[in-house]
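Remember, predicted model here, so these are calculated numbers, not experimental data.
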Protein chains: 2
Amino acid sequence: MLGEKQEQCSRYGTLASMSASGVRARVRAEMTEEIKTVARRHLATDGANLSLRAVARDLGMASSAVYRYFASRDELLTAMIIDAYNSLGAAAEAAAGQTAAGQDAASPAGAGHAAGAGRAAGAGRAAGRTGLERFLATTHAARDWALADPHQWALIYGSPVPGYEAPEDTVGPATRVVLLIAAVVRDAYGNGEIDDREPITGRYAEELAAVGEKFTPGAPPRLVGTAMSAFIHMSGAISAELFGQLRNSVDDDRRGFFEFQMRGAAHLIGLR
Amino acid sequence: MLGEKQEQCSRYGTLASMSASGVRARVRAEMTEEIKTVARRHLATDGANLSLRAVARDLGMASSAVYRYFASRDELLTAMIIDAYNSLGAAAEAAAGQTAAGQDAASPAGAGHAAGAGRAAGAGRAAGRTGLERFLATTHAARDWALADPHQWALIYGSPVPGYEAPEDTVGPATRVVLLIAAVVRDAYGNGEIDDREPITGRYAEELAAVGEKFTPGAPPRLVGTAMSAFIHMSGAISAELFGQLRNSVDDDRRGFFEFQMRGAAHLIGLR
DNA sequence: CTCCTTTGTGAGCACCGCTCTCTATCTAGA
DNA sequence: TCTAGATAGAGAGCGGTGCTCACAAAGGAG
């Protein structure tokens, strides 16, 4: 909590403010957090077209004052995207039974990728649960998180904001949940729950091998591919449900249909 | 082409204009089409935040004049969404080898659902191709279409426009491609390419049975479920690629990875 | 105690969706 | 053929937006 503040300051303050007083940095971080909280509330009600002026109005301050904390509306959105990724990642990791050594947003800026990989690779197996159970729990947790706050899901997995190129800060948190699924799969593989008999071919297989070597060492390329495929299927299923694609087809038992799909994805991985 | 104009008029004109002169209706339809063309161009460059004023400027007319053709920005977007659905549907149907009796957007308003179902169910088997081949061709066509115009894909499969509730006119075209996939699967089932040994259970199975009875009669619920699942996986895979989710993982051979995933989806259906 | 960084204000610019009034034009029917 | 009415466009205007800038208060650092 306290260590986070310094980071916030260094991210949004000027370069010379590193030696600023502690109290200044703290009130600044609190203000930053307050702005994000109000913005999150607006996002939940009004949708993706977030109005900086409306947020400032709710905070009882001039709209121009917000620009002291976020250089632009895009930067505010970026901060909220990072928070959303971390919130989803934490929820999914809790369901998977990961110890989550790096917890929430405390990973140092820039090293997020490596830290995420280390966390995902380092966690052990949850007590008494099969790989399939952990996989289903993880995907259900992601769906529950999305259903609880659809706009936050849309923020990170919907169409990107026009002209919005994902900044470097987001790539770390963004990979958190897919790395988690890969870790769950790799744990199951390590426990002998999956046999990897039919290898994959093609150029993408080499890319998958490189990705696997980097983030989930010891996992064969086919497992990396099926894990990514499962993650993509999961995000597609959640988006389809949230964005109204299931209307007039599956209206009652959407949870059941989601699980049906995720069991299929698990089957492709080799989890059963 | 000509029969379409009357429909455009009846959709956007006042109710009393049904008896209007043919030339009036034609120039109105041409103007409507021109607005949509310019809007589509703006969409391709600027992204989803379409500016009515900018479109009007490009057309050399006052912004208020556009409101003679589209009651609001949302209505323009709706028209473009319908066009996008139909464009994608036509591309996918062509790849699947469907005869596409209803062609483009000529289905009468309101009866779009029934017409779509009839079209999808009525088409025969493409000469000499297996169900798997047709399925892969269809999904690749959808991906190719999306890659050629990412913003149009984002328009229909990205996060819905805030406050935008999909109007009745869109549900018909929206179901076109999923019905197509269901038809491809049902054709393969009819040809004995799929065995349906393990039935599904749960409340969603009944919903799927009802959907199947309505749109693809003769197909068992499990096939309807796996076909929908495959469609969802497809849209998820395309969205993931388009929205930058694959960055730093699969960068070279994205087509190969897509096919890998679609082969997995086909495997779950029972196509092989 | 003085400097200077930081924080907040309010005016202002250009743009947006949308509404309104007004005018020119063109069609339909007597 | 002439007229009444529907239609298409123009332009001003309203409230909203993101963002910039000059300026004033306030606080910590030397």
Open item on the list: Under 4.0 Å between a side-chain nitrogen and a carboxylate oxygen: does that hold for A/Asp58 and A/Arg41?
Closed with: yes

Task: Pairing residues for B/His140 by the ring-ring contact (aromatic ring centres under 6.0 Å, His included) criterion, not counting sequence neighbours - done: B/Phe258

- [ ] Check the distance between D/dA8's C1' and B/Met31's CE and give it to me in whole angstrom.
- [x] 10 Å

TODO: Before giving the answer on side-chain contact (heavy atoms from CB on, under 4.5 Å), spell out for B/Leu242 and B/Leu147 the whole-Å C-alpha distance, their side-chain angles and the decisive distance to 0.1 Å.
DONE: CA-CA 7 Å; B/Leu242 253 55; B/Leu147 287 176; 3.5 Å; yes

TODO: Please tell me if the side chains of B/Ser63 and B/Leu52 come closer than 4.5 Å, counting only heavy atoms from C-beta onward.
DONE: no

- [ ] Report yes if some heavy atom in the side chain of B/Arg73 is under 4.5 Å from a heavy atom in the side chain of B/Leu77; otherwise report no.
- [x] yes

Open item on the list: What is the distance, to the nearest angstrom, from the CD atom on A/Glu30 to the C1' atom on C/dT7?
Closed with: 15 Å

TODO: Would you please say whether a donor-acceptor pair under 3.5 Å links the side chains of B/Trp153 and B/Ser239?
DONE: yes

Open item on the list: Between A/Lys36 and A/Arg40, is there a side-chain heavy-atom distance shorter than 4.5 Å?
Closed with: yes

Open item on the list: From CZ of B/Arg26 over to P of D/dA8, roughly how many Å is that when rounded to an integer?
Closed with: 15 Å

Could you pull out the protein-nucleic contacts involving nucleotides 16-19 of chain D (nitrogen or oxygen on both sides, under 3.5 Å)?
from, atom 1, to, atom 2, distance (Å)
D/dT17, OP1, A/Ser51, OG, 2.9
D/dT17, OP1, A/Arg57, NH2, 3.4
D/dT17, OP2, A/Arg57, NH2, 2.5
D/dG18, OP1, A/Leu50, O, 3.1
D/dG18, OP1, A/Leu52, N, 2.6
D/dG18, OP2, A/Leu52, N, 3.2
D/dG18, OP2, A/Arg53, N, 3.0
D/dG18, N7, A/Arg53, NH1, 2.4
D/dG18, O6, A/Arg53, NH1, 2.8
D/dC19, OP2, A/Tyr67, OH, 3.1
D/dC19, OP2, A/Arg73, N, 2.7
D/dC19, N4, A/Arg53, NH1, 3.3

TODO: Can you tell me the distance, in whole Å, between the CZ atom of B/Arg28 and the C1' atom of D/dA6?
DONE: 12 Å

Task: Candidates C/dT7, D/dA10, D/dA8 - which lies nearest the side chain of B/Tyr69 - done: D/dA8

What pairs of nitrogen or oxygen atoms, one from the protein and one from nucleotides 22-24 of chain C, lie under 3.5 Å apart?
none

Task: B/Glu75 CD - C/dC18 P separation (whole Å) - done: 10 Å

Task: Min side-chain heavy-atom separation B/Ile232-A/Phe257 under 4.5 Å - done: yes

